[in-house]
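The next block holds one structure in the form of structure tokens; read it before the comments.
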Amino acid sequence: MILADALDTLWTLLLAGGLWLLLLTAVTTLALYAIAAIVWGALRLARRAFRGPDRPTWARSRAAARRYARRAPDYEEAA
């Protein structure tokens, strides 16, 4: 009788430990994903603040806009 109670207690403890382990891994995974998303967003925000908004190449500088505006159209390539 004592052995059966000991085995029943061991089984209950193993199940409880497994559930705690499963819960702990789920919470840790969600926390790591949240931290990764926050770090990625902060790096992207810092890069955008440093470089400015993404724009076409002709809109990044006046010189590039003038250079693109002066080019004659090349209809040979289109045909």
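Positions are given from 1 along the sequence. Side chains are part of it too, since the values below use all heavy atoms of this structure and drop only hydrogens, waters and symmetry mates. Remember, predicted model here, so these are calculated numbers, not experimental data.
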_Worked check of side chain to side chain contact (heavy atoms under 4.5 Å, CB included) between Leu23 and Leu19_ = CA-CA 6 Å; Leu23 182 66; Leu19 288 176; over 6 Å; no
_Leu14 CG to Thr9 OG1 distance, which is reported to the nearest 0.5 Å_ = 11.0 Å
*Drop me the distance from Leu3's CG to Asp8's CG, to the nearest 0.5 angstrom.*
11.0 Å
*In Å and rounded to the nearest 0.5 Å, what is the CD1 to OG1 distance from Ile35 to Thr28?*
9.5 Å
*What's the spacing between Leu43 CG and Ile38 CD1 if we round to 0.5 Å?*
12.0 Å
*Quick one: closest heavy-atom pair of Leu22 and Thr25, and the distance?*
O-OG1, 2.8 Å
_Set of side chain to side chain contact (heavy atoms under 4.5 Å, CB included) partners for Ala63, sequence neighbours left out_ = Ser61, Arg66
